[in-house]
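Computed over heavy atoms, backbone and side chain alike; hydrogens, waters and symmetry mates excluded. As the structure lists them, so they are numbered: ligands from 1, and atoms in each ligand from 1.
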Amino acid sequence: HSVKMIYGRYRIESDEKDVNSIISKVAMAHKYAKNHPDYKIFNYGIKLKEEMLEETKLTNKMEDALYNEEFKVFLQPKYSIADNTIVGAEALVRWIEKDGKMIFPDKFIPLFERNGFITRIDKYMLERVCMIIQEWITQGIPPICISVNFSRIHTNNPDFVEEIRDIISKYDIPTEYIEIELTESTILDKENDMISIFEQFKNNNIMVAMDDFGSGYSSLGFLKNFALDVIKLDKSFLSYETDKEKGRVVIRNIVKMIQELGIKIVAEGVETKEQVDFLRGIGCDMAQGYFFARPLPTVQFNELLTANLE
Ligand code: C2E
Ligand code: CA
Ligand code: CA
């Protein structure tokens, strides 16, 4: 284990005498640093005030935004590498304000994880995804599986798998079209609780993917403990070594091992033809990334999907 030090810092003005106000500024900077893993030291100053103001604005708007359906499902296709067809998709949230301004998830997900609102967003996204699948079925479009991201915050709620099941059954769609993505760090930080969570998923026939595999301290031991359906290889995993022979050997054998365990693999963040060729060569099942397509609004995704059928 390692000890991580986090600092808040404030330069006292020459005429400042109010000790409590000085302490509270340092405390604010410290709290900010604690909540933002990118910072180890954070200075109280204009940037802090701006960021706090921005966060307050988003916090004040979020309820209305959810009510007004400003959170949109974008879908990024997953391709079968063998035959270049769309075999699945990942739902990614976008916040589109009334004036059309798009806010990307990195601007609000960390905030929503701190204030708990993420649990509402994730369930809302799942509902929307169920509606999309229902729509495909009604229109006679053969449905594909859509994965939905669920934040680590849900794992504190013992009923979270049941809540997922209830949403899916409310829309009366086969569970085979839904997959829940949990990140590697969510799973590994709570390895003991996860065993029962994975069991609940399995009992309800809901597929689970481990997202961002290889982004952290992946010990491979967990692979035998969980009933995982899919592993998503993090983009860093692919990009840093695909041109080096040793890196290729590592990736090829990890992929082989995962496949022998009966787990499907999706390579994420695939941007180049070289990466696709490499992945095809080692028999990786699926790929997702800008090389194939960006996350798309549902209307455009549907066009791509129906073209893919022809
Ligand atoms: P993620 O789950 O790892 O999603 C993949 C991210 O990589 C997406 O960013 C996607 O747009 C981006 N991406 C796709 N292909 C490529 C590529 O070829 N190259 C590169 N460089 N990037 C690519 P996005 O949509 O901005 O989402 C960022 C993160 O926000 C997601 O990472 C996920 O952790 C989180 N997120 C997004 N939507 C939701 C949601 O509905 N609920 C929760 N809890 N988290 C979400
Ligand atoms: Ca994901
Ligand atoms: Ca990922």
Can a donor-acceptor pair be found between the side chains of Glu271 and Gln275 at a distance below 3.5 Å?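 Judged by distance alone, the side chains do not pair up.
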Would you mind running through ligand 1 and noting each atom that sits below 4.0 Å from a heavy atom of [X]?
X	value
Asp212	3 (O)
Glu271	17 (C), 18 (O), 19 (N), 20 (C), 21 (N)
Met125	41 (O)
Ile109	36 (N), 39 (C), 43 (C), 45 (N), 46 (C)

In the complex you have, is atom 34 (O) of ligand 1 within reach of the protein, judged by whether a heavy-atom distance drops under 4.0 Å? no
Any protein heavy-atom neighbour for atom 9 (O) of ligand 1 (distance below 4.0 angstrom)?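 Neighbour list for atom 9 (O) of ligand 1 is empty of protein heavy atoms (cut-off 4.0 Å).
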Have a look at [X] and say which of its N, O or S atoms is nearest the Ca ion (ligand 3).
X	value
Asp212	OD1
Glu268	OE1
Asp211	OD1

Taking the Ca ion (ligand 2) as the vertex, what is the angle from OE1 of Glu181 to OD1 of Asn149, given to 10 degrees? 90°
Would you say Val93 has any N or O atom under 3.5 Å from an N or O of ligand 1, going by distance alone? yes
Side chain or backbone, does Asn149 bring an N or O within less than 3.5 Å of an N or O on ligand 1? yes
Nearest to [atom] by heavy atom, [options]: which?
atom	options	result
atom 6 (C) of ligand 1	Arg152, Gln76, Lys235, Lys107	Lys235
atom 40 (C) of ligand 1	Asp122, Thr272, Thr119, Thr186	Asp122
atom 16 (C) of ligand 1	Phe291, Tyr290, Tyr124	Tyr290

Before accepting this row, confirm whether a basic side-chain N of the pair Glu70/Lys61 lies closer than 4.0 Å to the acidic partner's carboxylate O. no
Could you tell me whether Glu184 and Lys232 make a salt bridge, using a distance below 4.0 angstrom between a side-chain N and a carboxylate O? no
[X] contact mode with ligand 1 (heavy-atom cut-off under 4.0 Å):
X	answer
Asp211	side chain
Val270	backbone
Thr183	neither

Is the cationic atom of Arg294 (NZ for Lys, CZ for Arg) positioned less than 6.0 Å from the six-membered ring centroid of Tyr290 and within 45 degrees of its normal?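 Ring-cation test returns yes.
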Heavy-atom contact check, 4.0 Å cutoff: does Arg294 meet ligand 1? no
Strictly under 4.0 Å, does any heavy atom of Glu90 approach an atom of ligand 1?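 True for this residue.
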Mind telling me whether [Y] and [X] have parallel, tilted or perpendicular rings, with 30° and 60° as the class edges?
X	Y	value
Trp95	Phe112	tilted
Tyr10	Tyr44	perpendicular
Phe150	Phe160	tilted

Among all protein heavy atoms in this structure, tell me which lies nearest to atom 27 (O) of ligand 1, with the distance rounded to 0.1 Å.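 Going atom by atom, the protein heavy atom closest to atom 27 (O) of ligand 1 ends up being Pro105 CG, 3.4 Å.
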Counting only N and O atoms by type, is there a donor-acceptor contact under 3.5 Å from the side chain of Asn157 to the main-chain atoms of Asp159?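 Yes: the side chain of Asn157 pairs with the backbone of Asp159.
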